There are 2 protein chains.
Amino acid sequence: MTIKEVCGQFHITADTLRYYERVGAIPEIGRTAGGIRNYTEEDLKWIQNALCLRGAGVPVEMIIEYVKLFQQGDDTFEARCSLLKEAREEVLAAREKYDKALEKLNYKIKKYEEAVKTGILVWDQEQVKGVL
Amino acid sequence: MTIKEVCGQFHITADTLRYYERVGAIPEIGRTAGGIRNYTEEDLKWIQNALCLRGAGVPVEMIIEYVKLFQQGDDTFEARCSLLKEAREEVLAAREKYDKALEKLNYKIKKYEEAVKTGILVWDQEQVKGVL
DNA sequence: ACTTGACTTAGAGTTAACTCCAGGGAGTAA
DNA sequence: TTACTCCCTGGAGTTAACTCTAAGTCAAGT
């Protein structure tokens, strides 16, 4: 599979794909005789993994660390496990912030929708702290 | 309220607070006779607002836009409303990615916990796509 | 053989969001 | 008045994660 096909599949640029490989967020990709990258199904899973974690704000550095541990073999199960747990904590903490923001946004949007109709903006005091 | 007190309350640095003010993510803060910032309760709400949105990945640029509209008065209800809706879409989309990542992380952590005990790592094929 | 379009590298450039620094003023206490 | 801590500004520096550029190589079609 060529780099272009992979890009199309994941909606990312070739630069990003090469960047991930260069820094080690995905393993080295095999090449054709002519030196052109040839992605396997396994490679696609690694890309999926990197994109999924990045999408949840996990730093590239952490993904690199996981790939390294993976490549070091079965002695690193424990290290990988605690790395993943660390990542999970970060993602959970971030998601809570997202939930809080959504709650406030929903409240404000509701009030603004009313305000657009009535011409008057009202905040029910203290219903949601810190709204403006 | 001094800048230091505000920093303590929100666990951010004075630099960040001045930065938000400088770019307009919060309104201008009133000063003492000597030119030192004196934060009011209203200011704190704006800071809360900025931090809440930033915590959910909403770009500073968007927050600035909201503050601008707010300061332009009641003619901007509609504009503010659609800005908030746009922000909500972004936050919702991001949160879905977080959920997907969490699902995978939970699955992998479970498998790794078993692997640490048994010495063998098993992926139930296709249960979660793209796991490694 | 030639053209065309996709691929390669090393390395420089960009962007957002801070973060730090130098040089100086403000406020309180001894 | 001296000391000390906090605060001020303008501007430079940092960091992560890409993103782009130049100069060249590869592969397919005609």
Side-chain angles (χ1 to χ4, degrees), chain A residues 1-26 28-40 43 46-67 86-87 90-91 94 97-98 101, chain B residues 1-26 28-40 43 46-67 86-87 90-91 94 97-98 101:
Chain A
M1 205 172 188
T2 70
I3 201 166
K4 195 173 199 193
E5 288 166 331
V6 178
C7 290
Q9 197 150 110
F10 292 107
H11 308 292
I12 52 171
T13 68
D15 275 318
T16 301
L17 227 31
R18 291 194 206 100
Y19 163 71
Y20 281 173
E21 182 181 350
R22 181 156 39 86
V23 299
I26 59 175
E28 256 192 79
I29 305 299
R31 308 298 182 99
T32 66
I36 285 173
R37 286 177 183 78
N38 184 23
Y39 292 83
T40 67
D43 294 333
W46 279 109
I47 293 164
Q48 171 106 332
N49 177 66
L51 292 175
C52 173
L53 293 175
R54 284 295 303 126
V58 175
V60 170
E61 199 50 56
M62 215 166 206
I63 300 168
I64 293 168
E65 193 56 34
Y66 180 75
V67 173
E86 197 186 325
E90 281 184 19
V91 176
K97 289 189 184 178
Y98 279 63
Chain B
M1 206 169 185
T2 71
I3 200 168
K4 195 173 199 193
E5 287 166 332
V6 178
C7 289
Q9 199 150 108
F10 291 107
H11 308 293
I12 52 171
T13 68
D15 274 318
T16 301
L17 227 31
R18 290 192 208 101
Y19 164 71
Y20 281 173
E21 183 180 350
R22 180 156 41 86
V23 299
I26 59 175
E28 257 192 77
I29 304 300
R31 307 298 182 100
T32 66
I36 287 174
R37 287 176 181 78
N38 185 23
Y39 292 83
T40 67
D43 294 332
W46 279 109
I47 293 164
Q48 172 106 332
N49 177 67
L51 291 176
C52 173
L53 292 175
R54 284 294 303 125
V58 175
V60 169
E61 200 49 56
M62 215 166 207
I63 300 168
I64 293 168
E65 193 57 34
Y66 180 75
V67 173
E86 196 186 325
E90 280 185 19
V91 177
K97 289 190 184 176
Y98 279 63

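In what follows, every chain begins at residue 1, and chains take the letters A, B, ... in the order their sequences are listed. Everything numeric here is computed off the predicted structure, so don't read it as measured data.
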Can you pull out the residues from residues 1-11 of chain A that lie within a 4.0 Å heavy-atom distance of DNA chain C?
Thr2(A), Ile3(A), Lys4(A)
When you look at Asp43(B) and Ile26(B), which way does the side chain to side chain contact (heavy atoms under 4.5 Å, CB included) test go after all the steps?
CA-CA 8 Å; Asp43(B) 294 332; Ile26(B) 59 175; over 6 Å; no
Please name the pair of heavy atoms, one in Cys7(A) and one in Leu17(A), separated by the smallest distance, quoted to 0.1 Å.
SG-CD2, 4.0 Å
Atom-pair distance (CD on Glu21(A); C1' on dT9(C)), nearest Å
12 Å
Working to the nearest 0.5 angstrom, can you tell me the gap between Ile12(B) CD1 and Tyr19(B) OH?
12.5 Å
Partners meeting side-chain contact (heavy atoms from CB on, under 4.5 Å) with Glu61(B) (sequence neighbours left out)
Ile64(B)
Just report the end-to-end axis angle for the helix from dA1(C)-dT30(D) to dA30(C)-dT1(D), five pairs per end, to 10 degrees.
0°
Sequence neighbours excluded, the answer for side chain to side chain donor-acceptor pair (under 3.5 Å) partners of Tyr39(A) is none
How close do Ala101(B) and Ala56(A) get, heavy atom to heavy atom, and via which atoms?
CB-CB, 3.4 Å
Under the side-chain contact (heavy atoms from CB on, under 4.5 Å) test, residues paired with Arg54(B) that sit two or more places apart:
Tyr20(B), Val60(B), Ile63(B)
Taking only residues two or more places apart in sequence or in another chain, which ones pass side-chain contact (heavy atoms from CB on, under 4.5 Å) with Arg31(B)?
Glu21(B), Arg37(B)
Nearest-Å distance, CG (Leu17(A)) to P (dA6(C))?
16 Å
Over all heavy atoms of both residues, which pair between Glu5(A) and Thr2(A) is shortest? Give the atoms and the distance, please.
OE1-N, 2.9 Å
Output one line per pair: protein atom, nucleotide atom from nucleotides 23-29 of chain D, and distance, for all N/O pairs under 3.5 Å.
none

For Tyr98(A), give me all partners under side chain to side chain donor-acceptor pair (under 3.5 Å), at least two apart in sequence or on another chain.
Tyr98(B)
Could you tell me the separation between the CZ atom of Arg18(B) and the P atom of dT9(D), rounded to a whole number of Å?
7 Å
Nearest 0.5 angstrom please: Ile3(A) CD1 to Thr16(A) OG1, how far?
9.5 Å
How close or far is atom P of dA26(C) from atom CG of Asn38(B), stated in whole angstroms?
16 Å
Looking at NE2 of His11(A) and CG of Leu51(A), how far apart are the two atoms once the value is rounded to the nearest 0.5 Å?
10.5 Å
Contacts of Asp15(A) that satisfy side-chain contact (heavy atoms from CB on, under 4.5 Å) - sequence neighbours left out:
Thr13(A), Arg18(A)
Under 4.0 angstrom between Arg37(B) side-chain N/O and dA26(C) OP1 or OP2:
no
Could you encode protein contacts along nucleotides 15-20 of chain D as a string, one character per nucleotide from 5' to 3', using B for base contact, S for sugar-phosphate-only contact and - for no contact, with a heavy-atom cut-off of under 4.0 Å?
--BBBB
